Asks: 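Before anything else, here's the structure in question.
Chain A is the first sequence line, chain B the second, and so forth, proteins listed ahead of strands; every chain is numbered from 1. The model shown is predicted, which means the values in this text are computed figures rather than measured ones.
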Number of protein chains: 2
Amino acid sequence: MTYDQLKQTALIQFAQLGFEGASLSVIANEVGIKKQSIYTHFKSKDDLYIQTFHDATDYEIDFVKQFIEDQGSLKLREVLSKFLTEYLERFEKNNNMKFFMRTSFYPPVKHEEVIKMGSNKFVDRLESLFTALFEQNSDLLKANITPETAALAFLTMLDGLLVELIYGIPERLQKRSKQSWSVFWRGISNESGEL
Amino acid sequence: MTYDQLKQTALIQFAQLGFEGASLSVIANEVGIKKQSIYTHFKSKDDLYIQTFHDATDYEIDFVKQFIEDQGSLKLREVLSKFLTEYLERFEKNNNMKFFMRTSFYPPVKHEEVIKMGSNKFVDRLESLFTALFEQNSDLLKANITPETAALAFLTMLDGLLVELIYGIPERLQKRSKQSWSVFWRGISNESGEL
DNA sequence: GATTACCTTACGACCGTTCGGAAGGTGGCT
DNA sequence: AGCCACCTTCCGAACGGTCGTAAGGTAATC
């Protein structure tokens, strides 16, 4: 369906070039139609953009939710480190994430409000999912570390690594994620042993 | 001088709207000249952009370097937490930082290479400055934590908080920076006491 | 007299958007 | 079966507007 192809192609273009940088004629070209035909499916460039954004938001939320649910049996430590690596790897292959991040970071001024609501919805979801996860394993936490503290510190670290992902130097990301993770784990866990 | 005014105004415009979103006529207007007169000082929009970027890079590097030097007498813990708060506060008032971040994160495709070199220069400088700082205080670190590990974890946390800054919800930033900091400090320091 | 800073005028390219119509498919009616 | 009305999808042509850029002229400064 052309409608879906358009959204998919728009996603890639917006992710790479931003709202202003992306061009309807290029998008149409890529899909194999003329740019005027876009208006059969979307009433404007803005319409295409925010529809794509809402899809992307739902998709991102689903991914995280699904991931957490699927790891029910694993230990906290494994769940977290697996999430870290998988989420970071996902960035490479998944344009949805790239688009969502770019749009959330730097929305076009006229859509700022709508987009902020969407990305906040996502962040809130993230926070509550991870807070719940740490609550279930609160016996593993240091005495002074609450589940919320652990969750927010984890997510901040995650954001920091995402930034490194955007910079796009794999070796540096590798190093940073390894080192950050070890500091984070030492910071929250009440394990006495090493490793 | 018009030349400097142009760069200063361009900085703001590029920071708020990105390269493609910013318009020469608006920039000229703001300075109080006609847009064609820009070409007296810069040979193209690209020229204006990358000159602004190089200025911004130098400015950012200077700030961090200067900051670290100025804190010679303070304790490690104070230097770090002071840097954290000051750097985050700086974002609000300082367009240089906003511009530099936006440009580093999402450079226009045709200038990707030049900009990546610039931002890498900055990141490398940051890493070496902070690694040196932790080396001078390596007696405060946990046995298994190297100065480099501490530095990279700190900078990753900083990046994560910068992301929160971009999202622009002060209360969330407040919470996150407090919690992340406490986890980070517990993760690297060999202090036995609390707080 | 040369140089500098700014102006006016104008250009072509591309932008998003609109309109009218061609083509094809679908379903109902006789 | 044949006809008709309708709807969807697409395209050609064209719109107004903005973009970055060029050339040439005019004052002021050294």
Asks: Check every nucleotide of DNA chain D for an atom under 4.0 Å from a heavy-atom of chain B, then give the first and the last such nucleotide from 5' to 3'.
Replies: dC19(D) to dA22(D)
Asks: Can you confirm whether more than 12 heavy atoms, excluding those of Y167(B), are under 6.0 Å from its OH atom?
Replies: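 Yes, because the 6.0 Å sphere around OH of Y167(B) holds more than 12 heavy atoms from other groups.
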Asks: When you look at CD of E78(A), are more than 12 heavy atoms from neighbouring residues, nucleotides or ligands closer to it than 6.0 Å?
Replies: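 Atom CD in E78(A) is packed in, count exceeds 12.
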Asks: When you measure from every atom of DNA chain C, which of residues 8-39 of chain A have a heavy atom less than 4.0 Å away?
Replies: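 A22(A), S23(A), L24(A), S25(A), K35(A), Q36(A), Y39(A) - these, ordered by number, are the residues of the stretch whose heavy atoms sit under 4.0 Å from the strand.
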Asks: Is V79(B) linked to L140(B) within one hydrophobic cluster, defined over Ile, Leu, Val, Met, Phe, Trp and Tyr using a side-chain heavy-atom separation of less than 4.5 Å?
Replies: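 In one cluster with V79(B): L140(B), yes.
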Asks: Is a donor from one side chain sitting under 3.5 angstrom from an acceptor on the other, for Y106(A) and E112(A)?
Replies: no
Asks: Can you list every salt bridge (charged side-chain N to carboxylate O under 4.0 Å, His left out) pair that touches residues 144-167 of chain A, not counting sequence neighbours?
Replies: E148(A)-K175(B), D159(A)-R176(B), E164(A)-R172(A), E164(A)-R176(A)
Asks: Kindly indicate, with the supporting measurements, whether the criterion ring pair (Phe, Tyr, Trp, His ring centres under 6.0 Å) is fulfilled by F130(A) and F83(A).
Replies: CA-CA 11 Å; F130(A) 276 94; F83(A) 181 80; 5.0 Å; yes
Asks: With a 6.0 Å cut-off on the ring centroids, do F100(B) and F122(B) count as close?
Replies: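 Yes, the ring centres sit under 6.0 Å apart.
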Asks: Just by distance, with hydrogens left out, do T146(B) and T149(B) show a side-chain donor and acceptor under 3.5 Å apart?
Replies: yes
Asks: Angle between the end axes of the helix from dG1(C)-dC30(D) to dT30(C)-dA1(D), five pairs per end, to the nearest 10 degrees?
Replies: 10°
Asks: I would like to know whether V183(B) and F154(A) meet side chain to side chain contact (heavy atoms under 4.5 Å, CB included); could you show each step before the answer?
Replies: CA-CA 9 Å; V183(B) 169; F154(A) 181 76; over 6 Å; no
Asks: Sequence neighbours left out, what pairs pass salt bridge (charged side-chain N to carboxylate O under 4.0 Å, His left out) with at least one residue falling in residues 4-26 of chain B?
Replies: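 Residue pairs passing salt bridge (charged side-chain N to carboxylate O under 4.0 Å, His left out), neighbours aside: K7(B)-D55(B).
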Asks: For E69(A), does the CD atom sit with more than 12 other heavy atoms under 6.0 Å from it, leaving out its own atoms?
Replies: yes
Asks: Can you give me the first and the last nucleotide of DNA chain C (5' to 3') that has an atom within less than 4.0 angstrom of a non-hydrogen atom in chain A?
Replies: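 Span of nucleotides near chain A: dC15(C) to dT18(C).
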Asks: Does the separation of the ring centres of F42(B) and Y3(B) fall below 6.0 angstrom?
Replies: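 For F42(B) and Y3(B), the ring centres are under 6.0 Å apart.
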